[in-house]
Amino acid sequence: MSNVATFDTRTEAKIPVESPLAYSYRRSGAPVPDRKSRVVLREHPFLGHLVLRGGAIVLDEAVREVLGVSLPGEPQGLVHDAEGVRSVQWISPDEWLVIVPGGEEFELENRLRAALGGAHIAISNVSGGQTLVELEGEAARELLMKSVVYDVHPSHFPVGKGVTTVFAKTTVILRRPGEERWELVVRRSFADYTYRWLLDAGEEYGIGVER
Amino acid sequence: MFYIHCPYCGEHREEEEFHPKGQAHIARPEDPDACSDEAWGDYLFFRDNPRGIHHELWVHAVGCRKFFNVTRNTVTYEILETYKMGEQPTVTAEHPEGRPSRDAADQGTLHEGVRA
Amino acid sequence: MSQPNRLTQGGRIDRRQPLSFTFNGQAYQGYAGDTLASALLANGVDIVNRSFKYSRPRGVVAAGAEEPNAIVQLGSTEAAQVPNVRATQQALFDGLTARSTNGWPSVQRDLMGLVGKLGGQFMPPGFYYKTFMAPASLWMTYEKYIRKSAGLGRSPAEADPDIYDHLHRHCDVLVIGAGPAGLAAALAAARSGARVILADEQEELGGSLLDSRELLDDEPAGEWVAAAVAELAGRDNVTLLPRTTANGYHDHNFVTLHERCTEHLGEVAPRVTGRRQVRSRMHRVRAGRVVLATGAHERPLVYAGNDVPGNLLAGAVSTYIRRYGVVPGHKLVLSTSNDHGYRAALDWQEAGREVVAIADARPSPDGEWVEQARARGIRIIPGSAVIEARGESRVNAARVAKIDLDGFRVAGAAETLTCDTIASSGGYSPVIHLASHTGARPTWNDDILGFVPTLVKGVSAAGGAQGVYATAEVLADGVEAGSRAASEAGFAAASVSLPQVAARRDGAAVALYQVPHEKPTLRAPKQFVDLQNDVTAAGIELATREGFESIEHVKRYTAMGFGTDQGKLGNINGMAIAARCLGRSIPEVGTTVFRPNYTPVTFGAIVGRHCRELFDPERYTAMHQWHVEHGAEFEDVGQWKRPWYFPKTVNGKIETMHEAVARECLAVREAVGILDASTLGKIDIQGPDAREFLGRVYTNKWAKLAPGRVRYGLMCKDDGMVFDDGTTSCLGENHFLMTTTTGGAATVLEWLELWHQTEWPELEVYFNSVTDHWATMTITGPEARKLLAEVTDMDLDKESFKFMDWREGVVAGVPARVFRISFTGELAFEINVQANYALHVWETLFAHGEKYGLTPYGTETMHVLRAEKGFIIAGQDTDGSVTPEDLGMHWAIGYDKPFSWIGQRALSRPDTARTDRKQLVGLKPKDPKVVLEEGAQIVFDPKHAIPMPMVGHVTSSYYSPTLDSGFALAVVKGGQQKMGETVYLPMADGQVHEAEIVSPIFLDPKGERQNV
């Protein structure tokens, strides 16, 4: 434990925070959704994002103990806890993305490290570096077809799947937590580009932004 | 635009997600200092350029970030197989239809994850 | 307005919906359902263009994508200009405005027409090459006029008002072409449950069935089409794409489909409920299986004068009559080598116009349609062909003669028949373009007298595309192909019952391509092979005489099949003529390669949404808005937008870059500056072998770096050349934070993974990018400590927080890691906080910074400051050919490390160890006012005869306000041993700058300022 420097980058102090899309809202605006909006975009900012690296077997035990869900062992797996607010996603044979309510991430990291003892693993806190953007609505899938190279057809992309793929000229982690609900995990520095792309490509579906 | 089966993700993905990294199975000499200048030059700079079956190293850069090997026909661009690091190809110039079986002797000389 | 050639009934047009349009400034009327070509023919417009090279008048020849002549420019306004549109593929809409592509000053009276009339003797193939090559310097002038008179269409000079996009699609079965084969294939595949896409380039699905004479289940074929389309449209697993051309077939069944979404509605996409619509769209399809149901193109016969308006394909004549209710003339002569051609004569007569005669190349034609024609009293002249069309702006007669097929000669006296239209049919050529895009060479099939596609894995062909022409067989072939494709994709076959089609007995066709003339080909009136590129039979014959034997060379010499035509009509005829001249068979001569695009694609569809503000991602830091609000000019570094400098307004005047940078530099040297350094790559490295790994990828030593300490590291490739650098901090015994250059972040991470995954998987270490998680702000300058002390209670004492230390603390109320490292040579603190808090911390620093003269600075000042200290920028002062020794960084090379680190072995190779390699030095211009040009070449002796030996170049050069002089970094051969010597930099304008070789460290060589 002492060999790794954990650090809580979050504070409970009343400090103004800026989500990765804060600048985009001010610059590009946020069209209000209306009845004709066939897709709605909403950002879930300030969540806790942890990257877990290590072997599946050792991590699975710790994740079950600490989070109460099993680690998705199969490629492209995405699982949520019973409340549906904590998720673990397969990224690579030795990498998972854990997203939890903001503020839980540091304690979670410590508990996982404690549960894992001396195992060779790595946990990196990337909460400030990415944001979760949700797309909901019947046109969400077609909007994604304009944007990602990955096949988002329901027969190929069922609920509970997630992939890292090409989005326009950048990359996203794309997940499908519900029938008409899709999530994009977007890197902070690319968030504005992604947002402007979605507004532009979503214009024909009357895209609205819920804030 | 290739459609490449990532052996780690277990599915075909678009070429845009990958980067090609040159010829596969180029091992860094175990003891560089024991290499002659010529041998080191060969390792650094000389690569095969076959017409037909070729083994290449690729990385699933926008995806699982894993490196893996591709057996590709450089004439037809057909990808004949993809396989993980440390594994050997079944389709080779000598066995274009695939070797009868992956014999144990082949695998025995390798340690997991090594590209040679 | 009258449409003299329009029938009062029949066709698929809607006579209740008249549409107005203009062509070459003249107003006309057509109907909904027309193409521009059918509407022009209905209005009796004979000349639609002037030909490319000879400027001869040309009319509509075909009814589809193979049309070579009716190429028009669309658009009533400058912004709406669209070149290269085939009138046969453009749906008519109200207000359509079109002009001929060629014809200067007009299609009716054309200056270049003179050349055409004087004949080909003046412009043989290779004419341009031969005539205009000398003097070469004038080619540019010639080209301008040749292009003006040739006319290739023009692109709009104003911005396109429309938007375009891409759609990524995946399917199990992609069926290309929705004629009988395609519809049947799609039905079979769809019923099996497979995901099916059916694309067709025409306005309506149905292909040849839309103008067929045949009955399907005793109903007009259109009824079956309607039922099939309705079924497909009703299925969730089917996507129907009319007006969509498969324009390119790429590797592994990746097919691009170009959909023209609104081009049939108007020249600018209409808005729907106020929202913009996409004008055209590229579907990027990855298909499990592809069925090519692209049909066949009819081959025209090659006879003298076959380009005069009024010469049409026989099938096109039928299409215009049956689909558009237009008879493109009054008196028809048909010249055919097969039974299919008879359809035109039967349709023509049924439309109430006169069939003068049918010249049939076969000695005793006897098929069912032949009998029908005979029974109706149509005159059939067996064993003959039209050998010459007469007329200038319109056909006025056909010369018909007996021909000897084997002897390639006219075998009897020619009879002149008065007519205004000549239809010809030389049989069909399967449309094999898409199959050719895959690189597979087609195969000649003697039975159908055509090339059939060779198919790569995962693709099949059905119907006309592989030479199956009888409707019943085409339908069965389609079902077979569709079922097979679906079952190969893993779906159980479903049954499709085929409609009954009355079997028709066809007589055998004969092979006829070029029709003989009384005169030899080289002296006969022009016999056109490729109408779009003005290639004649004589041209091909000449090419073979001049020694071009390979069909690929003939193509390039004559231009046959070039450009947007891609050999749709002329290729087989051209090959047949080349074969005749060379005394070979067609398969021996072979074919040329068809390439994408099948028909022209608008650039908008290729670009899609990746234009204007979305052309490329712009990456922003968490402080971006502050930079914008404070007037920063930005510099692109990779995809990042970094502040370049912050010009101030002084006395109502905005500073120049020079002024701003001078001010920013002095602020750092004398007070304190702040830089947004968030863009540097940051890699979190954890694991018991992290330290060992660093030792292998960096040139210097890492074994003893203690937690709390930071070290600069240099990274080489195994060839010994520097490729990146940065600092790495020891966070814990098994935990490091590596920084990379801004541009190198992704590359370095992939580099580390490469070595870990492929060479040293036994090392226990993980790498994760944390670049975006942290925002980094560097405060630097003599006042930096005082400023930082105001916003933190961290111990900043120089003894407890030394240079190259890092500490954890709280800055402006936010948890922070602070690194005492310096890229300016001044006292510096790099403050790292979670990016969500960054703007607050940045602004808090400014709230406290005014009294210290806190000055924001950008990348330009950063460059000046680091260069004054001789700090390199990887990628600017290095270029992949520079070793650490070349940089004079011997101190950063751990030659005695136990593991042979990446790059070590190469440093002792003879070339790498040379002492006269280009080495990094400083350059001090003799004239301090001179700022040398970056990239300028360096010589030792400016009096040396040209070419002078070039011994190096300037890599970085700036004006230093601190030194009040220009200064530069450069690489010079053996430079490290040449301190104090003078070098010369001859410039393009004749000036020669002088500079002295000095140490690259211009300021504070002992590094005292950063250690305070």
Side-chain angles (χ1 to χ4, degrees), chain A residues 2-5 7-11 13-20 22-23 26-27 36 45-46 51 53-54 94-95 120-130 142 145-153 155-156 168-170 187-194 196-197 200-201 203-204 206, chain C residues 163 165-170 195 272-273 275-278 284 286 609-610 613-614 616-622 624-625 639-640 678-679 684-688 707 731-735 764-766 768-775 808 810 812-815 817 833-840:
Chain A
S2 61
N3 288 334
V4 171
F7 186 49
D8 191 357
T9 57
R10 205 170 181 280
T11 175
K14 289 265 175 267
I15 300 287
V17 285
E18 292 258 304
S19 90
Y23 171 59
R26 290 191 289 262
R27 181 167 78 149
K36 282 189 241 141
F46 313 123
V51 174
R53 302 294 302 271
D94 60 3
E95 179 172 348
H120 167 46
I121 55 102
I123 302 176
S124 296
N125 182 352
V126 293
S127 308
Q130 49 199 39
E142 195 168 301
M145 286 167 70
K146 292 186 177 190
S147 312
V148 299
V149 298
Y150 195 80
D151 182 4
V152 292
H153 190 271
S155 65
H156 189 258
K169 284 188 186 168
T170 178
R187 282 179 71 178
R188 170 178 261 280
S189 55
F190 288 101
D192 182 74
Y193 169 76
T194 309
R196 285 187 288 117
W197 176 279
D200 191 59
E203 182 184 336
E204 70 174 286
Chain C
I163 56 169
D165 75 3
H166 296 163
L167 210 53
H168 301 275
R169 287 191 181 276
H170 299 74
R195 284 162 72 189
V272 173
T273 59
R275 293 186 195 125
R276 291 181 303 171
Q277 280 187 92
V278 167
R284 299 159 58 92
R286 181 68 71 177
R609 226 163 261 292
H610 301 281
E613 305 80 42
L614 294 170
D616 205 41
E618 290 180 2
R619 299 179 69 181
Y620 299 145
T621 73
H624 187 77
Q625 181 165 352
Q639 290 172 322
W640 290 96
S678 307
T679 61
D684 188 39
I685 305 178
Q686 299 178 26
L731 302 181
E733 194 51 41
N734 296 345
H735 194 181
E764 295 198 328
V765 59
Y766 287 112
N768 289 305
S769 170
V770 290
T771 303
D772 285 45
H773 176 65
W774 298 99
E808 250 173 51
V810 173
V814 176
R817 278 182 178 150
V833 295
Q834 201 209 76
N836 293 337
Y837 299 117
L839 190 58
H840 164 76

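A, B, ... follow the sequence lines: proteins, then strands. Residue 1 opens every chain. Side chains are part of it too, since the values below use all heavy atoms of this structure and drop only hydrogens, waters and symmetry mates.
For C:Gln277, no part lies near chain A; criterion is any non-hydrogen pair under 4.5 Å. Looking at C:Val272, neither its backbone nor its side chain comes within 4.5 Å of chain A, counting heavy atoms on both sides. With a 4.5 Å cut-off on non-hydrogen atoms, A:Lys36 touches chain C through its backbone and its side chain both. Heavy-atom distances place the side chain of C:Gln639, and not its backbone, under 4.5 Å from chain A. Proximity to chain A is limited to the side chain of C:Thr771, based on heavy atoms less than 4.5 angstrom apart. With a 4.5 angstrom heavy-atom cutoff, C:Ala838 does not touch chain A via any of its atoms.
Rounded to the nearest 0.5 Å, atoms NE2 (C:His624) and OH (A:Tyr23) are 4.0 Å apart. Of the inter-residue distances, the one linking C:Gln834 atom CD with A:Ile15 atom CD1 reads 12.0 Å to the nearest 0.5 angstrom. A distance of 12.0 Å separates CZ in C:Arg619 from CZ in A:Arg188, rounded to the nearest 0.5 Å.
Side-chain polar atoms of C:Asn836 and A:Arg10 form no donor-acceptor pair below 3.5 angstrom.
Evaluation of the side-chain hydrogen bond (donor to acceptor under 3.5 Å, both in side chains) rule for A:Thr194 yields no partner, not counting sequence neighbours. Residues satisfying the salt bridge (charged side-chain N to carboxylate O under 4.0 Å, His left out) criterion with C:Arg276, sequence neighbours excluded, are A:Asp200, A:Glu203.
Close placement of the C:Tyr766 and A:His120 rings is indicated, their centers lying within 6.0 Å of each other.
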Checklist line | Audit row: C:His166, A:Met145, side-chain contact (heavy atoms from CB on, under 4.5 Å) steps and yes/no | finding: CA-CA 8 Å; C:His166 296 163; A:Met145 286 167 70; over 6 Å; no
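A donor-acceptor pair is defined here as one N or O able to donate and one able to accept, closer than 3.5 Å; no such pair exists between the side chain of A:Asn3 and the backbone of C:Glu733.
Between A:Phe7 and C:Leu731, every side-chain heavy-atom pair lies at or beyond the 4.5 Å cut-off. Residues A:His156 and C:His170 have side chains not in contact (no heavy-atom distance under 4.5 Å, counting atoms from C-beta outward).
Salt bridge A:Asp151/C:Arg195: present, at least one basic N to carboxylate O contact under 4.0 Å.
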